[in-house]
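Just the heavy atoms: all of them, side chains too, but no hydrogens, waters or symmetry mates, feed the values below.
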Amino acid sequence: MKPIDDTKIREVNIELENRFKNEREEWKDKIITLVKSIGDTRKLSEAQIQQLSFRQIVQEKLAEYRILQEKRQEIYDKQYTSRFREYHTGYDLKLSNTEKNIFVQSDCSAIKSQIKMISVQITYFEECVKTLDNLGFAIKNKIEIVSQQLM
């Protein structure tokens, strides 16, 4: 039985890891800038618009990554089934189901790693949505406070 050549998947994993890291840095900076802009009452309406805009962008990214995760899970499932069948029918030694599962998991580890990275990115963006929602409430509250002070 020939081993899986997962070189391409491992290269994609490195690219994904770098891309995700850069995205997290970019969004961290955007959100911090937005939080700081709330301090200036003259920028509240702009901050409110930006908050809603950022929230929509993040929601679109979440949808994109959830679709990507499903596609990668499908690839993993097919690869797992194929490798299990190969270990069951085409391997020189008799293996128990536990041994087969361990071997197959090892063979599929690169794609599983990719799925985990995507999952972490999804969780990050879900937390960004929560933060942006909280910022929306903070902006609304600040507008109310400022308008009461003007009366």
Please report the interatomic distance CD(E11) to CG(D6), rounded to the nearest 0.5 Å. 10.0 Å
Taking only Lys NZ, Arg NE, NH1 and NH2, and the carboxylate oxygens of Asp or Glu, determine whether E126 and R66 approach each other closer than 4.0 Å. yes
Within a radius of less than 6.0 Å around NZ of K142, do more than 12 heavy atoms belonging to other residues, nucleotides or ligands occur? yes
When you check the gap from the basic side-chain N to the acidic O, do E127 and K130 get nearer than 4.0 Å? yes
Closest heavy-atom contact between M117 and L16? CE-CB, 4.4 Å
Using the six-membered ring wherever Trp is involved, compare the ring planes of Y87 and F103 and label them parallel, tilted or perpendicular (cut-offs 30° and 60°). perpendicular
For Q105 and I102, indicate whether the former's side chain and the latter's backbone hold a donor-acceptor pair under 3.5 Å. no
Step through it carefully: locate the ring centre of Y65, locate the ring centre of Y124, and say whether they are under 6.0 Å apart. no
For salt bridge (Lys or Arg N to Asp or Glu O under 4.0 Å), just list the numbers for R19 and E15, CA-CA rounded to whole Å, side-chain angles, deciding distance to a tenth of an Å, and then say yes or no. CA-CA 6 Å; R19 176 178 152 199; E15 290 173 20; over 6 Å; no
For the residue pair A47 and L34, what are the closest heavy atoms and their distance? O-CD1, 3.5 Å
Keeping S53 on the side-chain end and I49 on the backbone end, is there a donor-acceptor pair under 3.5 Å? no
CD on Q114 to CD1 on I14, rounded to 0.5 Å: 11.5 Å
For T81 and R85: C-alpha separation, side-chain torsions, deciding distance, then whether side chain to side chain contact (heavy atoms under 4.5 Å, CB included) applies. CA-CA 6 Å; T81 303; R85 190 174 297 124; 3.5 Å; yes
Would K36 and I32 count as a side chain to side chain contact (heavy atoms under 4.5 Å, CB included) here? Give the steps. CA-CA 6 Å; K36 289 179 182 177; I32 288 172; 3.7 Å; yes
Can a salt bridge be assigned to the pair E25 and K28 using a cut-off of 4.0 Å between side-chain N and carboxylate O? yes
Please tell me if the side chains of R24 and Q121 come closer than 4.5 Å, counting only heavy atoms from C-beta onward. yes
Pair K61-W27, side chain to side chain contact (heavy atoms under 4.5 Å, CB included): steps then yes or no: CA-CA 12 Å; K61 286 213 168 277; W27 280 98; 4.1 Å; yes
Residue pair Q56, E60: steps toward the side chain to side chain donor-acceptor pair (under 3.5 Å) verdict: CA-CA 6 Å; Q56 182 59 36; E60 289 171 14; 3.2 Å; yes
Co-membership, hydrophobic cluster, residues V104 and Y91, 4.5 Å side-chain: yes
Identify the two heavy atoms, one from L132 and one from V58, that lie closest to each other, and give their separation to 0.1 Å. CD1-CG2, 4.1 Å
Would you say the side-chain atoms of S82 pair up with the backbone N or O of K78, donor to acceptor, closer than 3.5 Å? no
Between OG of S96 and CG of N101, what distance do you get to the nearest 0.5 Å? 8.5 Å
Y80 and F84 aromatic ring geometry - parallel, tilted or perpendicular at 30°/60° bounds: parallel
For the residue pair E144 and Q148, confirm or rule out a side-chain donor-acceptor distance under 3.5 Å. no
Which of K112, E86, R83 passes side chain to side chain contact (heavy atoms under 4.5 Å, CB included) with D107? Answer is R83
Distance in Å, I139 CD1 paired with N134 CG, rounded so as to fall on 0.5 Å steps: 11.0 Å
Y76/R72 under side chain to side chain contact (heavy atoms under 4.5 Å, CB included): CA gap, chis, key distance, verdict: CA-CA 6 Å; Y76 173 80; R72 292 303 192 270; over 6 Å; no
pair E64-L68: side-chain heavy atoms closer than 4.5 Å: no
Could you give the distance from CD1 (I111) to CZ (R10), rounded to the nearest 0.5 Å? 11.0 Å
Taking all non-hydrogen atoms of both residues, which atom of Q51 and which atom of L135 are closest, and how far apart? CG-CB, 4.3 Å
Which value, rounded to the nearest 0.5 Å, describes the distance between L62 atom CG and Q69 atom CD? 10.5 Å
Walk me through it: do D77 and Q73 pass the test side chain to side chain donor-acceptor pair (under 3.5 Å)? CA-CA 6 Å; D77 292 343; Q73 185 65 46; 2.9 Å; yes
